[in-house]
Amino acid sequence: MAITKTDFINFTRCQRYAALNEVKKEKLDADITYQEYKEKEQSEKIEELLAEMFESNEEAEEEIDLVDKVDRQLEAMMDYYKLVEKEAGRISEKIFRGKSIYAEDTKEQECFDFSLNGIRYICYVDIYNEHENEINIIEVKATTNSKYLKTFGHPKSDKYPIWLKKNNVYWLKDEIAGYDIEAEMPIKKYDEFRNKLFNRYDIGKYVYDLAIQRYFIEHEYISTHTEDKLKNFHYYLAVLNYDYIFDGTYIDGKPIYNPDSEGNELITFFDMTNVTEEYQEIIDADRQKLEIYLNSLNASPCSLGNYCCFKSRAECKFFSPICGKMIPKKNSSLNYLYNGSGFTKEDGTKIKGLELINEGYINMLDVPDAWITKNYHQIQRDSVAFDKVYIDKEKIDIGLKQLEYPIYHLDFETMPCPVPRYRGERPYIQSPFEFSLHIEREPGICDKDKDNIVFLAKTHEDEREEMIKLMLKHMDPNKGTLFAQNVPFEKGRIKELATIFPEYRTDLMKLYDRGFDLLWLVKTNSKLYQDLGFDEERAKTFNFYDKRLSGSFSIKKLCQFLVI
Ligand code: SF4
């Protein structure tokens with residue numbers, strides 16, 4: 001068994017991981033077959049792609065067990081990942097010229113490896129592009145450029161990003177000769193954003209990944225005394241372009257991703273040559289740590305931390321069964337709502353997230369009373385301490401009076417596809433293929449046959465126009481209420497359809513304006529209730545809370561309170 005890039009990432013999480021993984025020390029310099037390598041790395045790629053899809057689903061506020069591995073789901077997504085990789089390879093030849101090697105299932109992909117201190121390190125690169133003397137190493141990620149543009153910018157995230165795009169490649173502005181960064185933001189702020197690229201457990205995750213590849217590549221050349229060739233190497237991330245709008249061209253049933261009307265390509269590139277160079281010291285320190293961990297194989301407990309990637313798709317496989325098993329599923333100290341900045345202790349220091357668990361504040365009631373300063377935290381706490389249900393009937397009653405009949409209970413099912421499927425779509429758009437509509441004509445009056453309308457696409461063809469027609473046949477845009485749990489999701493889909501099908505825009509946007517959210521009645525809507533005359537404090541306090549919610553107003557949690 002050799003150490004792959006994924007192993008490197010996992011084994012350097014903490015001192016415990018390798019020991020729990022039962023690594024066989026004596027096999028660390030053994031060979032690894034291409035098939036074994038692919039299995040390990042490809043499942044990681046698909047995990048990443050699913051993580052992006054689930055992130056898109058946050059808009060739908062669906063409660064998904066992010067670490068629940070479903071093999072069929074992984075298999076189904078493999079084709080999408082291959083398509084992203086293929087398109088990245090095709091477009092890389094247009095941008096960088098020369099020849100790109102980006103085979104999917106063959107041994108054509110370029111492999112780099114080296115051995116050090118009895119351990120063999122190995123990686124294959126997604127795209128190896130060679131043009132004249134230049135070598136471009138390109139790592140394909142099924143994320144989008146919008147994540148990078150939004151996270152690194154000032155003062156409005158998308159207004160002054162730290163990147164400048166030229167010829168479909170994003171460059172860091174400090175690497176562009178003569179660029180006046182200070183005209184846009186203070187250098188200190190710029191550096192703050194740039195430094196985020198070095199946070200491997202957040203937005204710097206993929207850059208770290210590429211930097212490991214660079215480390216492996218450079219050490220192969222160093223070990224063969226050919227490092228002079230390395231000066232011609234450049235390193236890029238290839239990601240989906242969120243600005244790209246598919247024109248709907250198909251040939252033989254397959255989408256053809258031509259540049260769009262604005263000249264955008266489906267894939268765009270980020271130059272990470274200098275950043276990955278800066279990373280090399282960090283990777284070398286991590287490699288030394290990894291060797292210590294592998295030599296000691298110490299499985300004794302260690303503190304939980306950001307390296308556990310708790311509640312993300314990258315969550316460590318040992319979190320739930322071993323390291324974090326003391327955290328109760330319900331009403332733990334982590335279930336206090338809106339608590340990103342944590343609690344302030346008596347001595348003024350802050351404590352948040354997994355630090356609470358590390359310090360023994362495991363259950364909701366373990367958190368000292370004195371730390372609770374927010375009204376809604378007190379409500380949560382009282383619900384557990386005294387088994388008390390909190391309800392503000394007056395607010396709920398007044399909220400209900402805002403509903404106009406008929407009430408259209410609408411629910412879309414969508415596919416956040418990495419690559420656009422139909423005309424007008426962009427990567428990861430929530431592409432609707434089903435809706436269910438229940439029409440409540442008067443309070444409690446809804447005929448289970450006549451007033452229940454369902455649309456389900458029967459083919460993989462574009463059936464969105466039929467879907468719109470059926471919606472508008474049954475929903476009067478001039479009266480009633482569009483009602484849903486997390487209505488911004490339904491409204492978002494309606495708005496997208498209105499943009500793609502302008503002939504229905506007027507009616508669709510009228511429906512859009514009629515949205516009302518179940519969460520406004522249960523959780524609250526500060527602006528709505530202030531407009532209705534409540535003071536700010538009461539307007540922002542929950543209308544309902546029960547300990548069975550355990551800090552979540554998801555539809556699954558709320559359903560248990562339905563009175564049938
Ligand atoms: S759950 Fe966290 S502490 Fe435990 S092995 Fe994984 S990374 Fe390490």
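Atoms within a ligand are numbered from 1 in the order they appear, just like the ligands themselves.
For ligand 1, the atoms lying closer than 4.0 Å to a non-hydrogen atom of Cys302 are 3 (S). Taking every non-hydrogen atom of Phe319 and a distance limit under 4.0 Å, the qualifying atoms of ligand 1 come out as 1 (S). Ligand 1 places these atoms under 4.0 Å from at least one heavy atom of Cys308: 1 (S), 2 (Fe), 3 (S), 7 (S).
Counting backbone and side-chain atoms alike, Cys316 contributes no N/O/S atom closer than 2.8 Å to atom 2 (Fe) of ligand 1. Residue contacts to atom 4 (Fe) of ligand 1: Cys323 brings an N, O or S atom closer than 2.8 Å.
In summary, the aromatic rings of Tyr428 and Tyr242 are positioned with their centroids too far apart to meet the 6.0 Å limit. If you look at Tyr338 and Tyr376, their ring centroids are closer than 6.0 Å.
Between Asp79 and Lys82, no side-chain nitrogen of the basic residue sits less than 4.0 Å from a carboxylate oxygen of the acidic one, so the salt-bridge criterion is not met. Salt-bridge annotation for Arg381 and Asp369: present, with a side-chain N of the basic residue lying under 4.0 Å from a carboxylate O of the acidic one.
From the protein, the heavy atom lying nearest to atom 8 (Fe) of ligand 1 is Cys14 SG, 2.3 Å.
When the options Thr12, Thr6, Ile9 are evaluated for a side-chain contact (heavy atoms from CB on, under 4.5 Å) with Ile212, the one that passes is Ile9.
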